[in-house]
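Heads up: the structure comes next, in structure tokens.
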Amino acid sequence: MPLDVSDFAELDAPEKEYLWTLNFGPQHPATHTTLRLVLTLDGERVVHAVPHIGYLHSGFEKLGEHLDFNQYVTIVDRMNYISPMMNEIAWHHAVEKLLDIQLTPRCRYLRTMLSELMRIQDHLLNVGTCALDLGGFTAFLYCFYQREKIYDIVEFASGQRFHTSYTRVGGVMFDVNNAWVDKVRDFCKGFRKVHEETHKLLTRNRIFIERVQGVGTLTKEDAINMGVTGPLARASGVLRDLRKDEPYLAYPDLEFKVVAAKDGDCYARYLVRMQEMLESLQLIEQIIENFPEGPVNVDPVTKAVIPAKPAVYRSIEGLIQHFEVIMPNRGFGSPHEEIYAAIESPNGELGFYVVGDGTSRAYRARCRPPSYVHFATFPHMIKDHQLSDVVAVLGSLNIIAAELDR
Amino acid sequence: MSYQAQLESQFPDAGLQWSDFRDNHRVVVPAARLAEILTTLKQTHGFDQLAEITAVDYLEYEDSTDRFGVVYVLVNCSTGERLIVKAFVNDPDPTLPSMYPLWKSADWLEREVFDMFGIHFEGHPDPRRILMPDEFTAFPLRKDYPLKGRGERHNFPVITRSES
């Protein structure tokens with residue numbers, strides 16, 4: 001994207017000649033994904049930063065208008081690929097709200113458990129790579145080993161490690177079995193120890209603290225005004241968590257605490273994420289104890305889901321319904337209405353604005369990605385910091401360019 | 001008195017249309033009064049966060065009279081209330097006032113709406129395209145823009161290694 005000269009009108013003045021410009025990205029190891037920053041520097045001090053995004057823009061929202069509610073799930077899990085299932089859950093949360101489908105208890109608990117696994121996965125990546133960029137390689141390896149375990153769990157449930165496409169309108173692709181629940185239980189047992197070790201490696205590590213404490217501070221007022229949500233906002237003292245404020249899925253039945261901090265710097269964000277992982281782990285353990293039996297999909301008479309295979313093969317009604325759901329332009333009808341529904345993703349408020357026009361496709365499928373709103377705060381956060389702090393702040397924001405650009 | 005009743009009494013001639021769908025509380029306001037209504041909502045009624053701005057192109061929508069609907073999702077961070085404010089704008093020059101002076105989050109969100117729909121926001125400090133390249137002339141999320149594009153991709157300039 002060519003840079004507009006007018007961006008720097010006041011910085012181009014002759015008496016500011018000593019300023020120099022640095023291109024950071026689009027391909028840089030610390031951006032982790034494709035984004036570009038144009039930094040104006042005074043020595044090593046960042047005077048001005050202009051983020052340029054759009055390198056990964058691939059028209060997901062346009063595609064959402066041409067794929068039906070079930071097909072589009074394969075696209076949404078390519079948005080935040082660090083916690084892919086969270087996007088699927090968010091998308092179908094919005095669709096089910098539009099179609100007014102009430103999930104079964106087992107499905108609500110299963111999706112809650114998966115969201116919490118995704119939250120751990122996302123926070124592990126963030127903590128790990130934040131440490132990696134600042135020179136702490138060991139913690140990164142510890143975190144990524146645990147991420148592998150979550151991939152295994154997800155693969156066991158859906159058959160796919162990364163782009164799972166697991167949820168469906170009114171349920172999930174297939175139910176999980178007890179062996180899967182045991183796998184999650186095993187993960188919970190091992191995770192606590194690794195979490196403690198990561199704490200030992202980083203939380204009181206002087207080099208790490210020197211790099212992150214007091215860096216990239218965001219005050220509570222700014223956080224609210226700039227639309228910041230999720231762990232970033234909570235690290236600045238905004239007590240807001242959609243799991244508590246607008247309870248969805250099984251969260252009203254479960255006990256957990258909202259983690260928050262006051263400082264609003266990179267260190268506070270790191271601490272909030274670390275503590276949230278423990279809360280998520282507790283949530284998962286609670287769900288394992290109370291995992292309801294029963295069908296995972298809604299009743300096939302609602303005509304929202306594919307009936308079970310025996311019904312498809314052995315009865316004409318089942319076969320007809322299978323076709324009705326699968327065939328284009330048949331399927332479920334949506335009301336002529338629009339809805340905004342958001343869930344608490346690991347990054348913050350992940351919302352979908354869905355407009356129904358009577359067909360089984362969305363007329364408009366807008367995603368409100370948390371990264372997009374968070375990255376807009378970057379020039380404000382980095383102002384008057386050192387060049388090396390760019391990496392620390394970027395790491396703490398957890399920018400996922402695929403979600404940023406869609 | 002709820003903010004709804006207060007707004008009604010403050011703007012009796014604006015013709016605010018309130019509606020509820022599932023848990024969404026919504027109001028349609030005329031585009032000309034949008035700025036004052038949003039200012040009142042922020043300053044008097046505590047909607048301190050602007051979570052989302054998006055637009056819908058109603059070109060092919062059944063029974064629609066206006067072309068674009070611009071949607072603002074406001075959040076009151078202390079009570080957790082949400083309000084969805086919608087304003088309609090039309091061709092040939094869809095324009096709305098920028099909300100950047102009230103909420104900083106409007107910066108990129110408005111840029112994206114401009115980039116995708118071509119709706120101008122008056123008073124925006126940096127009204128450039130954000131996701132599409134600057135040379136791009138069309139607005140891709142409009143309904144009259146084809147899914148496969150208009151051949152822009154094939155006509156992008158290609159820089160070879162020797163020219164670079």
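Here is how names work: the chains are called A, B, and so on, in the same order as the sequence lines, proteins then strands, and each is numbered from 1.
Chain B forms the most heavy-atom pairs under 4.5 Å with one residue out of A:L56, A:L63, A:D100, A:D357, and that residue is A:D100. Ranked by non-hydrogen atom pairs under 4.5 Å with chain A, the options B:C77, B:G80, B:S105 are led by B:S105. Heavy-atom pairs under 4.5 Å with chain B peak, among A:L404, A:T229, A:L98, at A:L98. Counting heavy-atom pairs closer than 4.5 Å to chain A, the top-ranked of the candidates B:D48, B:L147, B:L50, B:V56 is B:L147. When each of A:E338, A:E61, A:E65, A:H336 is scored by its heavy-atom pairs under 4.5 Å with chain B, the top score falls to A:E338.
Contacts of B:P125 with chain A are absent, with no heavy-atom separation under 4.5 Å from either backbone or side chain. Of the atoms belonging to A:Y353, it is side-chain heavy atoms, and not backbone ones, that fall under 4.5 Å from chain B. In this structure, chain A has heavy atoms under 4.5 Å from both the backbone and the side chain of B:Q49. Heavy atoms closer than 4.5 Å to chain A are found in the side chain of B:K86, but not in its backbone. With a threshold of 4.5 angstrom between heavy atoms, B:V73 approaches chain A through side-chain atoms but not through N, CA, C or O. Residue B:L109 touches chain A through both its backbone and its side chain, counting heavy-atom pairs closer than 4.5 Å. Contacts between B:A106 and chain A at a heavy-atom distance below 4.5 Å are absent for every atom of the residue.
Using non-hydrogen atoms only and a strict 4.5 Å limit, the part of residues 220-228 of chain A facing chain B consists of A:A223, A:I224, A:N225, A:M226, A:G227, A:V228. Residues of residues 234-251 of chain A that come closer than 4.5 Å to chain B, counting heavy atoms only, are A:R240, A:L242, A:E246, ordered by residue number.
For B:D93, there are no salt bridge (Lys or Arg N to Asp or Glu O under 4.0 Å) partners, not counting sequence neighbours.
For residues 99-108 of chain B, no pair satisfies salt bridge (charged side-chain N to carboxylate O under 4.0 Å, His left out), with sequence neighbours left out.
For B:Y100 and B:F121, the ring centers are positioned 6.0 Å apart or more.
Relative ring orientation between B:Y61 and B:Y58 is described as perpendicular, the plane-to-plane angle rising above 60° on a 0-90° scale split at 30° and 60°.
Between the OH atom in B:Y145 and the CZ atom in B:R150 there is a gap of 6.0 Å [rounded to 0.5 Å]. Rounding to the nearest 0.5 Å places CD of B:Q43 at 6.5 Å from CG of B:L102.
Of the possible donor and acceptor atoms, none in the side chain of A:E96 sits under 3.5 Å from a partner among the backbone N and O of A:V169. A:S334 contributes a side-chain N or O that, together with a main-chain N or O of A:G358, makes up a donor-acceptor pair within less than 3.5 Å. In terms of modelled atom types and a separation under 3.5 Å, the side chain of A:R366 and the main chain of B:T54 share no donor-acceptor contact. With B:S9 contributing its side chain and B:Q6 its backbone, the two residues share a donor-acceptor pair below 3.5 Å.
Under the 4.0 Å criterion applied to side-chain N and carboxylate O atoms, B:D23 and B:R82 are not assigned as salt-bridge partners.
When all heavy atoms of B:L141 and B:D57 are compared, the closest pair comes out as O-CB, 4.4 Å. Closest approach of B:K143 to B:E60, counting heavy atoms only: O-OE2, 3.6 Å.
For B:I159, the CD1 atom is loosely surrounded, since the number of other residues' heavy atoms within 6.0 Å does not exceed 12.
The residue from A:W91, A:Y72, A:F69 that alone fulfils the ring pair (Phe, Tyr, Trp, His ring centres under 6.0 Å) condition with A:F352 is A:W91.
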